[in-house]
2 protein chains.
Amino acid sequence: MASQPPTRPALRERYERRRQEVLATAARVFAERGYQATSMADLTEATGLTAGGLYHYIGSKEQLLFGICDDLMAPLLEQARPIAGGDGPPQERLRALLRTWLRHVAAHRDHLLVFAQERHVIEREPQWRAVRRQRREFEALLDDVLAEGERTGAMRFADRRLALLALLGMVNHTAQWFRPRGRLSAEQIADGYCDLLLRG
Amino acid sequence: MASQPPTRPALRERYERRRQEVLATAARVFAERGYQATSMADLTEATGLTAGGLYHYIGSKEQLLFGICDDLMAPLLEQARPIAGGDGPPQERLRALLRTWLRHVAAHRDHLLVFAQERHVIEREPQWRAVRRQRREFEALLDDVLAEGERTGAMRFADRRLALLALLGMVNHTAQWFRPRGRLSAEQIADGYCDLLLRG
DNA sequence: TCTAAGTTCTAGCGGTCGTTCGGTATAACG
DNA sequence: CGTTATACCGAACGACCGCTAGAACTTAGA
């Protein structure tokens, strides 16, 4: 049923570090084969642990997926909040937001691929409310910046809602094709998307 | 092992019609719960058939997925080829292509959601080569139109490859949020994306 | 009407799934 | 040092998986 973090302070850190390793390894395997198609046997092989040892860290397969989603969204939100809430010109805030976002996508490709793959579960099941809220908060941060850009006249959209959805689509899709040593860096991609959205 | 279409011509049509029904029903259930997470028992419940009857039409669960992907890609390609290969101005061909594409996305949301969800399988496994080729051909049709627009000076891209990838991302993502009786029609969305790509 | 083809049913097979649990070795803490 | 929390092991469990065989029923075509 459970995975309990140690109460002894000296062991706490080691446990968390190892747990992160397990999550990252699992994210990689899930991204390759799919969450549902990956068996716990696949994960024991990939982590080097056996079934019992694995469950010492993860609690259940679903909690493992939850951990991956949280590792994706929580740090992204933490970085995005101060940028979106800053007081510079909206178009500069948008550019900074996109660069941070795409760096995060590039660094957490596996996590995002799993997130996108299992979206139907995350959007439907009650136990995924917390993750849904994270996703919605991030989208609201983006929309606020676009809305303020429109208000100040710095941006103009035929349909702001559609522009936001298009942006979400292109950025999330980036995880499908981005390669770390590819032709374009995360920043170049971010600027490319930004120009696509704002030019004219 | 297999599902054999009837040899008698009079029954052939009925068989194909029923088979299409089964595919569409399966696509709906797969889109809701995920391909891997859906059991054959779920499908027997959804189709009204029992296990044996179901296998009379589908051959195997994987062939069922293949059928869904083909129902998505084959008619889209058939519509897209003459538009992309036409001789009007490139920007008009692009607009027509996008409208057709988005009408197709709107009409086959379930199919596209399943396709996107199982992309990791389709892109990796050897037996999915035919579907990969369909996807690549469609992307090539799009890129050809963009390239000719650039050549004739009708379009200008900072990075044409990135523009194509952005376009693919936003359109495919549309299946996630499009609602048949929503605020925007498929054509309005297509025009919105087209303007985003070309304006400036 | 008769026959062969087509359609669907029922029952269940072998295998794999996520998970559990009792155990052992190790390290922290008093 | 002794005690106890921690780390990990590995066999085994019950449930469910995709799929099949074989028979029963229905319909098309001669």
Side-chain angles (χ1 to χ4, degrees), chain A residues 1-23 25-27 29-30 32-68 114 118 121 125 127, chain B residues 1-23 25-27 29-30 32-68 114 118 121 125 127:
Chain A
M1 211 233 291
S3 69
Q4 301 284 20
T7 53
R8 289 175 172 169
L11 295 177
R12 197 59 201 260
E13 191 191 349
R14 180 158 70 112
Y15 177 89
E16 288 300 339
R17 206 174 336 113
R18 190 90 174 87
R19 184 169 178 274
Q20 288 299 120
E21 277 177 38
V22 170
L23 288 201
T25 301
V29 181
F30 286 161
E32 268 176 29
R33 311 188 206 184
Y35 168 72
Q36 290 277 1
T38 301
S39 67
M40 297 311 287
D42 293 332
L43 293 182
T44 60
E45 192 185 352
T47 57
L49 289 169
T50 53
L54 194 52
Y55 272 81
H56 179 62
Y57 291 102
I58 65 165
S60 74
K61 198 186 180 188
E62 193 176 28
Q63 282 178 46
L64 173 56
L65 180 59
F66 183 87
I68 290 172
V114 175
E118 291 304 306
V121 178
E125 307 298 323
Q127 66 268 34
Chain B
M1 213 242 288
S3 68
Q4 301 283 21
T7 52
R8 288 176 173 171
L11 295 176
R12 195 61 199 259
E13 190 190 351
R14 180 158 71 112
Y15 176 89
E16 286 302 337
R17 207 174 335 114
R18 191 91 174 87
R19 183 168 178 276
Q20 287 300 118
E21 276 177 38
V22 170
L23 287 202
T25 301
V29 181
F30 286 162
E32 268 177 29
R33 311 188 207 186
Y35 168 73
Q36 291 277 2
T38 300
S39 68
M40 298 311 287
D42 293 332
L43 293 182
T44 60
E45 192 184 353
T47 56
L49 290 168
T50 53
L54 193 55
Y55 272 82
H56 179 60
Y57 291 103
I58 65 166
S60 74
K61 198 187 180 189
E62 193 177 28
Q63 282 178 46
L64 173 57
L65 180 58
F66 183 87
I68 290 171
V114 175
E118 291 303 307
V121 178
E125 306 298 323
Q127 65 268 35

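In this text the structure is predicted, and so the values were computed from the model without any measurement. Residue numbers start from 1 in every chain, and the chains themselves are labelled A, B, ... in the order their sequence lines are given, proteins ahead of strands.
- Close to C:dG6, at under 4.0 Å from its OP1 or OP2, lies no side-chain N or O of B:R18.
- Residues satisfying the side-chain hydrogen bond (donor to acceptor under 3.5 Å, both in side chains) criterion with B:E62, sequence neighbours excluded, are B:Q127, B:W128.
- With sequence neighbours excluded, the residues satisfying side-chain contact (heavy atoms from CB on, under 4.5 Å) with A:Q36 are A:E118, B:Q36, B:A37.
- Using five terminal pairs a side, the axes of the helix from C:dT1-D:dA30 to C:dG30-D:dC1 at its two ends make an angle of 20°, given in steps of 10 degrees.
- We find that CZ of B:R12 is positioned 10 Å from P of C:dG6, with the value rounded to whole Å.
- Distance A:L65 CG to C:dG18 P: 13 Å, rounded to the nearest Å.
- Atoms OG1 and OH, on A:T47 and A:Y57 in that order, are 10.0 Å from each other to the nearest 0.5 Å.
- Scored by the side-chain hydrogen bond (donor to acceptor under 3.5 Å, both in side chains) test, B:S39 finds B:D42 as partners (sequence neighbours excluded).
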Using the 3.5 Å cut-off, write out each protein N or O paired with an N or O of nucleotides 9-14 of chain D and the distance between them.
unit_1: D:dC9; atom_1: OP2; unit_2: A:T50; atom_2: N; d: 2.9
unit_1: D:dC9; atom_1: OP2; unit_2: A:T50; atom_2: OG1; d: 3.1
unit_1: D:dC9; atom_1: O5'; unit_2: A:T50; atom_2: OG1; d: 3.3
unit_1: D:dG10; atom_1: O6; unit_2: A:G52; atom_2: N; d: 3.0

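- Applying the side-chain contact (heavy atoms from CB on, under 4.5 Å) rule to A:A27 yields the partners A:I68, A:D110, A:H111; only residues at least two apart in sequence or on another chain are considered.
- Taking the side chain as every heavy atom from C-beta outward, A:L64 and A:L54 never approach each other to under 4.5 Å.
- Rounded to an integer number of Å, the gap from B:E13 CD to C:dA5 C1' is 18 Å.
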| request: Spell out protein contact along nucleotides 23-29 of chain C as letters: B when the base is contacted, S when just the sugar-phosphate is, - when no protein heavy atom is under 4.0 Å; keep the 5' to 3' order. | output: -----BS
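- For the side-chain contact (heavy atoms from CB on, under 4.5 Å) test, residues two or more places apart in sequence or in another chain that qualify with B:A46 are B:T25, B:V29.
- Residue pairs satisfying the salt bridge (Lys or Arg N to Asp or Glu O under 4.0 Å) criterion with at least one member in residues 47-61 of chain A, sequence neighbours excluded, are absent.
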| query | Passes side chain to side chain contact (heavy atoms under 4.5 Å, CB included), A:L43 versus A:I58? Steps please. | reply | CA-CA 11 Å; A:L43 293 182; A:I58 65 165; 5.6 Å; no
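- Taking atom OH of A:Y57 as the reference point, atom P of D:dT6 lies 12 Å away to the nearest angstrom.
- Put simply, CZ on A:R17 is 11 Å from P on D:dA7, counting in whole angstrom units.
- Whole-Å rounding puts the A:H56 NE2 to D:dA7 C1' distance at 5 Å.
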Each nucleotide N or O in nucleotides 16-18 of chain D that has a protein N or O under 3.5 Å away: list the pair and distance.
unit_1: D:dG18; atom_1: OP1; unit_2: B:T38; atom_2: O; d: 3.1
unit_1: D:dG18; atom_1: OP1; unit_2: B:K61; atom_2: NZ; d: 2.9
unit_1: D:dG18; atom_1: OP2; unit_2: B:M40; atom_2: N; d: 2.7

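- Taking atom CG on A:L43 and atom P on C:dC17, their separation rounds to 11 Å, with Å as the unit.
- Taking the side-chain hydrogen bond (donor to acceptor under 3.5 Å, both in side chains) definition, one finds that B:Q20 meets it with B:D71, sequence neighbours left out.
- In this structure, CG on A:L49 lies 12.5 Å from OH on A:Y55, to the nearest 0.5 angstrom.
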When the side chains of residues 5-18 of chain A are checked against the rest of the protein, which donor-acceptor pairs come out under 3.5 Å, sequence neighbours left out?
unit_1: A:Y15; atom_1: OH; unit_2: A:H56; atom_2: O; d: 3.3
unit_1: A:R18; atom_1: NH1; unit_2: A:E21; atom_2: OE1; d: 3.2

